[in-house]
Every structure is written in C-alpha cells, then in structure tokens.
Amino acid sequence: SSASSVTFTVTSSSIFSVNQTVFVTGTTGNTTRTEGTVTAVPDIYTVTISFTPAYTSAASTGYQIDIYNPKTFYIITA
C-alpha cells in the first residue's frame, strides 16, 4: 500500500529525532532506499516517518531504517 506517513516499530528509537532525515529500505516489493523525515518519536519503540511522495511497499515487517546520508561527508577518527 501507499502512505505519506508511516509509524515503524523499532528496537530503540534513541538515535532518531524530529525533523531528522532518514532512509527506509523495504524487503518486499519496494526495495529502493527511500528518503523520509522523522515527524514523531512517540516512545522508545516507535518512530513516525513522513514521505513525499508517499511511500509504497508490500512488506509488513523487515524494514531497515538508517540515518546515513550519502550526500554528507563523514570524517571518522580513531
């Protein structure tokens, strides 16, 4: 189905914050890494993400949500 806003259940929402850009990858149907924006972090196990255009996927579980932005230059030091 298609939705402009999706609430995901996650193991921990601690890395997410409102207005943060995130990327969602589904496991069935739409497996394209899709950019969205966090609109709410209701509790420690859920995060709501909005998409423009609406996100479409047949998967009901198994999504990957990450915050790595390929347009950002990261410097990692040891």
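Scope of the values below: all heavy atoms of this structure, side chains included, with no hydrogens, waters or symmetry mates.
- The shortest heavy-atom contact between Asp66 and Tyr68 is OD1-N, 3.1 Å.
- Put simply, OG1 on Thr39 and CZ on Phe51 are 9.5 Å apart, with the number rounded to the nearest 0.5 Å.
- Not a single donor-acceptor pair under 3.5 Å links the side chain of Ser57 to the backbone N or O of Thr27.
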Acceptor/donor pairs from residues 40-47 side chains to any protein atom, 3.5 angstrom cut, sequence neighbours excluded:
| residue | atom | partner | partner atom | Å |
| --- | --- | --- | --- | --- |
| Asp43 | OD1 | Tyr45 | N | 2.7 |
| Asp43 | OD1 | Thr46 | N | 3.0 |
| Asp43 | OD1 | Thr46 | OG1 | 3.1 |

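- Side-chain contact check for Thr48 and Thr7: at least one donor-acceptor pair (N or O, by modelled atom type) lies under 3.5 Å.
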For residues 14-26, which side-chain donor-acceptor pairs fall under 3.5 Å, sequence neighbours excluded?
| residue | atom | partner | partner atom | Å |
| --- | --- | --- | --- | --- |
| Ser14 | OG | Ser12 | OG | 3.1 |
| Gln20 | OE1 | Ser17 | N | 3.0 |

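- Across Ser4 and Ala54, no two heavy atoms sit closer than the pair N-CB, 3.9 Å.
- Remark: Thr31 engages no residue in a side-chain contact (heavy atoms from CB on, under 4.5 Å) (not counting sequence neighbours).
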